[in-house]
Amino acid sequence: MTLKQYTIRLALLILGTIPLLFITGCYGARETDEMGFVTVLGIDKAGDKDKITYQIAISPKKGSTTPSEEDPWIISSFTTPSLAETRMLLNTTIPRPPNLSHITTLIISEEKARDGLNPILANFMRNRNYRENIFFIVVEGSAEDYIKQNKPVLEEQIHKFYETTFSSSNMGYFLKVQLHDLYIRLKTAGGSAYAVYSGINPKNGENKPQGGETPEQKGEPYLPGGIPRKGTATAVDFVGLAVFHGDKLIGVLDSDETRAAAILQNKFYNGYIGVVDPLAPEKDVININIFMTEKPTITADLSGDKPTFHIDVKLEGELLGVTSYINYEAPKYRELLENQTANLMKGQIMKMLKHTQTLGTDPAGLGLYLRPKFSNTAKLQDANLTALYEAAQFEVNVSVKIRRTGLLRQSSPKSQGGTL
Amino acid sequence: MKAQPGNMGIAEGMSLVFITTSSTIFLAAWSLAIDRTTTASWMMPLINTCTGLLTLCLLLYVLSVTSTDLYDACQLLVGTTATRLIVLYYIGIYFLDATLLLRQFAENTLLTALPELPFEIAIGWYTIIAVILSYIGIEATLRAGYIIMPLIILASFTVLTMLLPQYEILYLAPWRGPGLDKVLASGVMSSGINIGILIPAFLASSFQNTKTVKYSVLYALGLSCLVKTATLAAFIAAFGTGSAREKVLPFYELSRLVYINRYIQRIESLVIIVWAVAGILNITVLVYAGIYLLARLFNLPTLKPLILPVLLLISALAMIPEEITSVITLHTKLHFGLYNIGTMLIPFALFVMALIHAFKQKNSKKQPSCQ
């Protein structure tokens, strides 16, 4: 390379570098303190219009070191015929342009969900501001009231409350449901859509169980608002599953049924259950931590006029407490307890299956196992998998293996007349 | 020709073929493919890779018989007029493909990252970078592509791995989709998507030897097939066919879906950089191939003066369509139609002509000399 060529190239490089100084940062970029970050969106039915509620995060004030007494958010509700209009109206009430890309949770009232989700989802799936991993909740009552009454204590910001709640939802009494889960269930044959079911608890300690528990279980199934509790925790309960027939809300599953649906979908990790003591059923209870270590084996048979689903669930358990002090660690007693627990779980699964058959919805996605039975997609399209599910028969087999006994090797009888 | 590229090896060849055949995973092409072959769409890249390999065999035979590059081989086998028609066809489709890619990548930049950026500026930036790369030359561009290639593969498989909790394998059932016959037919018809595999044959004299062309196409096509098949299967398993067929940007949607926990999410901004680079390289390679053939066709001593006017024309053309849906639809129709002339019919015709040529040569050697 000659000196002249070198000089020209160097000059070109410098000329090319100078413009870079003027194009730093994103085009149309705004500072975070110039935007109003919407974190939660609620939708209620308001006659033939929608009431949209925005929960907008307030960023900490500059220089503030002590936590504010006021809620770190503002709530605004609008009644308009379309979501786009509402966004414009929101912009007229706050000085910062609203930014919707940080919405973590979408809350729909039960009344609105019964009208159908398709018109709502049409906005959320197309607009790049909304992400498919927004959590989706159906609430008993009004979404606006729910947003107003949910004041978390452990988390300062509301988006963190929802993210933490659903990131740890592995006990089975409620499931993590994102827009994506809901939408693909609406669009794909072989399972029905479902959503988290939540509501406000009056916190008066009143017990309102749903009933219908199996003879082997000590606890009772619940829906939001029915849990007997008092205290200073936030008023919302996450318990149960809102289930859909097509895009319309058709019913709700209680806590036990929700756990059964979670087990069949391999979305259950571990949970705590109180089992009626098989040898002292009147008053004693055995507390067990049950967990799932392998995916349930589900096969479908479509050879007859009705499909049959063969479901094999394997659970494992750890003893947490035996109030009767019977030695359930010993093989002969352990088998009794394992059968008792297996019957309990089988009963809850069967109850969920029968209930959902009646409702005409398949939240566990058993219809997916029918898909390979069709030789091509045209035949699958002709079939109505939900109708097949409604007519199906189930052969459910649950086995429970008590693997661990906690910190006690064996239970000793209760002392009657002094210690040994 | 003065601007005849230099001494390219397997790395450059692999980069060329990989970039031109795999960057479609970042576009809507595969979403539209799901309309045709539904749950079995993941088989299409496998099938069109097989037809691509067949094309490679045919081309290698043509090159071995004629001991030259594809342009000279055409002249030798079909004469000057037919060669001009063939080369004009390839120039046309390379420029057309570059135009459609430029429009789509520019639109996707607006859609995914910079919604407030004026559309003309997005097109302008892509064009400026393509001009600079073309001026630097095909060798340097392909070496840059060779550095980017592992990043594309790594980014793809990282996203696919992070989506493991989202997959439902039963969404791929019925396993045979609309029927194996229809999948096979659609797979063969989609061979046009691999139009880039012809470029090494045109640039054969710039490669070290025919073996270099052979192995670079072979390896790159294999890698590209692996990435496309895995991505498409993952796309269906994550979204189901009902939702997947609606999407404009399959790969972007996959990366947007990653949600491991509240700390590991929103990773799509990292992937956008990868596909933007892949898109620019693809546009550059196609434009360069078109200009190279143009220079050969008109026997021009150099091709550099053509770069700026051609890219300006392409950017102007890219801005003509009024909306993006027609661009996506046209691109898919070309993949399934017009491009197949270039990936299947012309190579097959040249192969037949090469067979006849070889047969004639053999006979002429056997005949005793009259002198």
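Naming convention: chains lettered A, B, ... in sequence-line order (proteins, then strands); numbering from 1 in each chain.
Contact of B:Lys182 with chain A is not made at all, since no heavy-atom distance falls under 4.5 Å. Of the two parts of A:Gln381, neither the backbone nor the side chain holds a non-hydrogen atom closer than 4.5 Å to a non-hydrogen atom of chain B. No part of A:Thr104 comes within reach of chain B, as not one of its non-hydrogen atoms sits under 4.5 angstrom from that chain. With a threshold of 4.5 angstrom between heavy atoms, B:Val258 approaches chain A through N, CA, C or O but not through any side-chain atom. With a 4.5 Å cut-off on non-hydrogen atoms, B:Ala113 touches chain A through its backbone but not through its side chain. Heavy atoms of A:Thr188 lying under 4.5 Å from chain B belong exclusively to its side chain.
Pairing each heavy atom of B:Pro174 with each of A:Leu380, the nearest pair is CD-CD2, 3.6 Å. Residues A:Met125 and B:Lys247 come closest through the heavy atom pair CE-NZ, 4.3 Å.
B:Glu322 CD: 12 or fewer foreign heavy atoms inside a 6.0 Å radius. Crowding of B:Trp42 atom CH2: a count of heavy atoms from other residues, nucleotides or ligands under 6.0 Å not exceeding 12.
Under the ring pair (Phe, Tyr, Trp, His ring centres under 6.0 Å) criterion, B:Phe336 pairs with no residue, sequence neighbours left out.
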| request: Show your reasoning for whether salt bridge (Lys or Arg N to Asp or Glu O under 4.0 Å) applies to B:Glu253 and A:Arg131. | output: CA-CA 10 Å; B:Glu253 293 282 358; A:Arg131 304 175 68 83; over 6 Å; no
| request: Go through the steps for B:Gln166 and A:Asp181 under the test side chain to side chain contact (heavy atoms under 4.5 Å, CB included), then give the verdict. | output: CA-CA 9 Å; B:Gln166 302 280 4; A:Asp181 306 310; 4.2 Å; yes
| task | Check the pair A:Tyr183, B:Glu246 against side-chain hydrogen bond (donor to acceptor under 3.5 Å, both in side chains), reporting the backbone distance first and the verdict last. | result | CA-CA 12 Å; A:Tyr183 191 69; B:Glu246 296 177 340; 2.6 Å; yes
| A:Gln265 and B:Glu168: CA distance, side-chain angles, deciding distance, side chain to side chain contact (heavy atoms under 4.5 Å, CB included) verdict | CA-CA 10 Å; A:Gln265 291 186 83; B:Glu168 176 51 79; over 6 Å; no
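Side chain of A:His180 to backbone of B:Ala238: a donor-acceptor contact under 3.5 angstrom is found. Distance alone, capped at 3.5 Å, is enough to place a donor-acceptor pair between the B:Arg256 side chain and the A:Arg128 backbone. With hydrogens and angles ignored, the 3.5 Å screen pairs a side-chain donor or acceptor of A:Arg371 with a backbone N or O of B:Leu170.
Between A:Glu132 and B:Leu257 there is a side-chain heavy-atom pair separated by less than 4.5 Å. The shortest distance between side-chain heavy atoms of A:Lys176 and B:Tyr259 falls below 4.5 Å. Side-chain atoms of A:Lys187 and B:Arg245, non-hydrogen and from C-beta on, never get closer than 4.5 Å to each other. Contact of the A:Ser167 side chain with the B:Tyr263 side chain is not registered, since no non-hydrogen atoms from C-beta on lie closer than 4.5 Å.
The candidate with the highest count of non-hydrogen atom pairs below 4.5 Å against chain A, out of B:Asn261, B:Thr241, B:Thr112, B:Thr39, is B:Thr112.
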